[in-house]
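Whatever order the structure lists them in is the order used to number ligands and atoms, beginning at 1.
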Amino acid sequence: MKGVVTIKGLEPEAVIGCYDWEREIKQRLIIDLAMTTDFAAAAKSDDLPDALDYAAISQQVISFVEQTEFQLLEALSAAIATEIFQSWPVSELRIDIDKPNAVPAAASVGVSLNVNRAQCLRD
Ligand SMILES: Nc1nc2c(c(=O)[nH]1)N=C([C@H](O)[C@@H](O)CO)CN2
């Protein structure tokens, strides 16, 4: 029984960027996650320990991202994927990261990563 647990609009602040000035500050990011998992156990038991706990994952991702100092959003998105796959029974993952203040002429810029467990933990 495949389902998707979503988290939208996580807002960590991290050192992120390629330019010298970006290494001196923290910037706000907006992260959306869509995590594919098997709902069978949680649907049957109605117990949180059988589910992907979106509250726990939200806290984990915020804490993780705020400790990172990547240059590229691509590298950050791959690191978040590894962190989630290593901790939770997720089979496929979509991560969208927006960097809303990066390009003044754009409302927002960002990346989107789609990856499955085997690909991510192999690479
Ligand atoms: N594909 C990407 N392009 C750019 C990135 C990035 O992370 N991925 N980053 C930058 C700069 O850090 C930018 O955010 C500063 O304005 C430029 N392009």
Practice task
Mind running side-chain contact (heavy atoms from CB on, under 4.5 Å) on Y19 and Q71 for me, showing each step along the way?
Solution key: CA-CA 8 Å; Y19 302 126; Q71 296 192 68; over 6 Å; no
Practice task
Using a strict 4.0 Å threshold on nitrogen-to-oxygen distance, state whether E69 and K26 make a salt bridge.
Solution key: no
Problem - Flag for Q27-E13: side-chain donor and acceptor within less than 3.5 Å - result: no
Heavy-atom pair with the smallest gap, counting every atom of [X] and [Y]:
X	Y	answer
D38	M1	OD1-O, 3.1 Å
P89	T37	O-OG1, 2.8 Å
A34	V4	CB-CG1, 3.8 Å
A55	D53	N-OD1, 3.0 Å

Nearest protein heavy-atom contact for [atom]: which residue, which atom, what distance?
atom	answer
atom 10 (C) of ligand 1	C18 SG, 3.9 Å
atom 1 (N) of ligand 1	E74 OE2, 2.7 Å
atom 16 (O) of ligand 1	A102 O, 3.1 Å

Practice task
Check whether any side-chain heavy atom of L76 sits under 4.5 Å from a side-chain heavy atom of I97, and report yes or no.
Solution key: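 Answer yes - side chains close enough.
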Numbering the atoms of ligand 1 from 1, which are under 4.0 Å from a heavy atom of [X]?
X	value
E22	11 (C), 12 (O), 13 (C), 14 (O), 15 (C)
L73	6 (C), 7 (O)
G17	12 (O)
K99	12 (O), 13 (C), 14 (O)

Are any non-hydrogen protein atoms located under 4.0 Å from [atom]?
atom	value
atom 7 (O) of ligand 1	yes
atom 4 (C) of ligand 1	no
atom 18 (N) of ligand 1	no

Handout entry: Contact check: Y19 vs ligand 1, nitrogen or oxygen atoms, below 3.5 angstrom
Key =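 In this structure, Y19 places no N or O atom under 3.5 Å from an N or O of ligand 1.
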